[in-house]
Amino acid sequence: MGASLDLVDVDSLLSVEEVDVRGAARRFADERLRPSLPEWFEAGAIPAREVAKELGALGFLGMHLTGYGCAGLGPVAYGLACLEIEAADSGMRSLVSVQGSLAMYAIWKYGSEEQKSEWLPRMSAGEAIGCFGLTEPDFGSNPAGMRTNARRDGADWILNGSKMWITNGSIADVAVVWARTDDGVRGFVVPTSTPGFSAPEIKQKMSLRASVTSELVLDDVRLPESAMLPDARGLSGPLGCLNEARFGIIFGAMGAARDCLETAIAYAGERIVFDKPLTAYQLTQAKLADMAVELNKGILLAVHLGRLKEKGTLRPEQVSVGKLNNVREAIAIARECRTILAANGISGEYPIMRHANNLESVLTYEGTSEVHQLVIGQALTGQSAFR
């Protein structure tokens with residue numbers, strides 16, 4: 001966070017290593033991503049494989065995992081990298097999150113040694129791209145209703161079904177697919193070259209346009225016994241992966257918010273209205289002050305939750321607190337900043353409307369606001385209101 005926006009001295013809470021990681025991520029975002037993002041967003045296409053290799057070379061893919069070529073950095077360092085990358089674009093952070101916190105984490109946490117050795121070094125280098133197949137066309141917030149199934153056929157598994165809204169799906173080399181079996185929900189490592197697997201890209205998106213989003217179709221996909229993730233049984237496996245990804249969002253959303261606020265302050269300082277800068281008006285300063293307070297609170301919350309994660313004490317409802325608050329506040333900041341830029345706020349020349357559009361997706365993926373409210377409500381009351 002720039003010095004002018006760091007009202008509560010967040011930097012004093014960070015280690016030298018964390019500041020260095022943040023700086024490296026910020027340089028990559030500024031030098032590699034920002035110049036191309038307006039074009040990528042408008043075209044709805046990105047050079048994902050090229051960007052993934054560059055991210056891998058910098059150690060940002062699976063950076064919070066240990067071994068197999070992964071950097072083994074702490075949660076706060078990972079979160080700060082997510083913040084800086086999402087300050088460029090939420091779609092770019094989604095690429096990092098899905099690769100590292102969903103696909104790689106699932107293999108790292110639940111996979112066999114053979115699966116880890118085969119995929120993780122290549123994925124951490126960005127040479128292989130992964131996706132995570134949980135959400136289905138009719139089952140998002142209720143993954144227990146999934147229809148994708150895996151049945152035994154001799155020593156093999158046969159998978160049938162479909163998944164929806166899958167980041168990286170069309171460009172992935174490997175998919176972690178969750179399916180219903182006679183032994184409950186199980187995860188499978190599916191090379192995307194397997195016959196019967198296809199991943200048509202979803203077009204006409206108004207949000208996350210600088211990101212690849214796909215459907216996964218599994219039509220009698222035959223896999224060997226060794227394709228199953230041995231240490232994941234039931235929904236605890238995929239839900240554990242989702243908590244990893246949600247943690248990155250807690251930081252990432254604040255990156256989008258910060259970029260909007262920095263843009264609005266810079267614009268308002270140069271925009272002359274009735275013979276003085278827009279920043280000289282009380283109403284403008286009130287807007288900026290309120291947004292800066294929420295930004296600082298959100299970043300403090302993210303860092304605090306990161307420290308809990310370091311200690312191994314972070315609980316799911318605490319992740320929900322962070323995701324619910326920070327994405328909700330980020331959207332509010334983006335919309336308020338748009339008003340400061342007035343008509344220019346909708347122009348692709350400025351990043352604010354792009355961030356606002358992207359955050360609409362971030363608001364509902366990895367758990368809608370309503371789901372996180374119910375997670376928090378259950379923690380408060382001891383009563384489950386999901387049904």
Search all heavy atoms of [X] against all heavy atoms of [Y] and return the closest pair with its distance.
{"X": "Val98", "Y": "Cys131", "answer": "CG1-CA, 4.1 Å"}
{"X": "Ala210", "Y": "Phe41", "answer": "N-CD1, 4.1 Å"}
{"X": "Pro35", "Y": "Asp30", "answer": "CD-O, 3.4 Å"}
{"X": "Asn358", "Y": "Arg209", "answer": "OD1-N, 4.2 Å"}
{"X": "Gly237", "Y": "Trp178", "answer": "C-CH2, 4.0 Å"}
{"X": "Val221", "Y": "Thr194", "answer": "CG1-CG2, 3.6 Å"}

Step through it carefully: locate the ring centre of Trp165, locate the ring centre of Tyr365, and say whether they are under 6.0 Å apart. no

Could you check whether any side-chain N or O of [X] sits under 3.5 Å from a backbone N or O of [Y], counting only pairs where one atom can act as donor and the other as acceptor?
{"X": "Arg338", "Y": "Ala342", "value": "yes"}
{"X": "Thr135", "Y": "Met164", "value": "no"}
{"X": "Lys163", "Y": "Leu134", "value": "yes"}
{"X": "Ser124", "Y": "Gly62", "value": "no"}
{"X": "Ser207", "Y": "Asn357", "value": "yes"}
{"X": "Gln99", "Y": "Ala128", "value": "yes"}
{"X": "Glu329", "Y": "Ala253", "value": "no"}
{"X": "Asp219", "Y": "Gly196", "value": "no"}
{"X": "Asp259", "Y": "Gly255", "value": "no"}
{"X": "Asn160", "Y": "Asp220", "value": "yes"}

Is it the case that one hydrophobic cluster holds both [X] and [Y], taking links as side-chain heavy atoms less than 4.5 Å apart, direct or via other members?
{"X": "Met254", "Y": "Val10", "answer": "yes"}
{"X": "Val319", "Y": "Val375", "answer": "no"}
{"X": "Met146", "Y": "Leu218", "answer": "no"}
{"X": "Leu301", "Y": "Leu13", "answer": "yes"}
{"X": "Ile249", "Y": "Leu314", "answer": "no"}

Reported [atom1]-to-[atom2] distance for the pair [X] and [Y], which is rounded to 0.5 angstrom:
{"X": "Ile376", "Y": "Ser320", "atom1": "CD1", "atom2": "OG", "result": "5.5 Å"}
{"X": "Lys323", "Y": "His372", "atom1": "NZ", "atom2": "NE2", "result": "4.5 Å"}
{"X": "Ser97", "Y": "Phe247", "atom1": "OG", "atom2": "CZ", "result": "11.0 Å"}
{"X": "Leu359", "Y": "Arg354", "atom1": "CG", "atom2": "CZ", "result": "11.0 Å"}
{"X": "Leu239", "Y": "Leu242", "atom1": "CG", "atom2": "CG", "result": "6.0 Å"}

Partner set under side chain to side chain contact (heavy atoms under 4.5 Å, CB included) for Glu18, not counting sequence neighbours: Leu14, Ser15, Val76, Ala77, Leu80, Arg307, Glu310

Kindly write out the residues that satisfy side chain to side chain contact (heavy atoms under 4.5 Å, CB included) with Leu363, not counting sequence neighbours, or none if the list is empty. Val327, Ile331, Glu360, Ser369

Of Arg27, Arg32, Arg49, the residue whose pairing with Glu54 passes salt bridge (charged side-chain N to carboxylate O under 4.0 Å, His left out): Arg32

Please work out which of the three classes, parallel, tilted or perpendicular, describes the rings of Trp157 and Phe188, given edges at 30° and 60°. perpendicular

Ring pair (Phe, Tyr, Trp, His ring centres under 6.0 Å) against Phe197, all qualifying residues, sequence neighbours excluded: none

Beyond-backbone contact of [X] with [Y], side-chain heavy atoms, under 4.5 angstrom:
{"X": "Thr66", "Y": "Trp108", "value": "yes"}
{"X": "Ser101", "Y": "His64", "value": "yes"}
{"X": "Val96", "Y": "Met63", "value": "no"}
{"X": "Gln383", "Y": "Gln378", "value": "no"}
{"X": "Phe386", "Y": "Val371", "value": "yes"}
{"X": "Leu7", "Y": "Leu295", "value": "no"}
{"X": "Pro351", "Y": "Leu37", "value": "no"}
{"X": "Pro238", "Y": "Tyr110", "value": "no"}

Could you walk me through whether Val16 and Val19 pass side-chain contact (heavy atoms from CB on, under 4.5 Å), step by step? CA-CA 5 Å; Val16 172; Val19 171; 5.8 Å; no

Strictly by salt bridge (charged side-chain N to carboxylate O under 4.0 Å, His left out), give each pair with a member in residues 267-283 just once, sequence neighbours left out. none

Pairs flagged by salt bridge (charged side-chain N to carboxylate O under 4.0 Å, His left out) wherever residues 93-120 is involved - sequence neighbours left out: Glu86-Arg93

Using side-chain contact (heavy atoms from CB on, under 4.5 Å), reason through Asp89 and Leu33 one step at a time and then give a plain yes or no. CA-CA 8 Å; Asp89 191 83; Leu33 301 179; over 6 Å; no

Between the side chains of Arg258 and Glu84, is the shortest nitrogen-to-carboxylate-oxygen separation below 4.0 Å, so that they form an ion pair? yes

Should we say atom [atom1] of [X] is surrounded by more than 12 heavy atoms from elsewhere, each under 6.0 Å from it?
{"X": "Glu317", "atom1": "CD", "result": "yes"}
{"X": "Asp182", "atom1": "CG", "result": "no"}
{"X": "Ile346", "atom1": "CD1", "result": "no"}
{"X": "Leu380", "atom1": "CG", "result": "yes"}

Those residues at least two apart in sequence (or on a different chain) that pass side chain to side chain donor-acceptor pair (under 3.5 Å) with Arg151 are none

Would you say the side chains of Thr339 and Lys287 form a donor-acceptor pair under 3.5 Å? yes

Walk me through it: do Lys205 and Ser361 pass the test side-chain contact (heavy atoms from CB on, under 4.5 Å)? CA-CA 10 Å; Lys205 296 183 299 179; Ser361 291; over 6 Å; no

Using the side-chain contact (heavy atoms from CB on, under 4.5 Å) rule, take Met92 and Ile46 through it: C-alpha gap first, then chi angles, then the decisive distance, then the call. CA-CA 9 Å; Met92 294 292 102; Ile46 59 171; 3.8 Å; yes

Report the C-alpha separation of Arg22 and Asp11 in whole Å, then their side-chain angles, then the decisive distance to 0.1 Å, and conclude whether the salt bridge (Lys or Arg N to Asp or Glu O under 4.0 Å) test is met. CA-CA 11 Å; Arg22 182 184 65 182; Asp11 279 13; 2.8 Å; yes

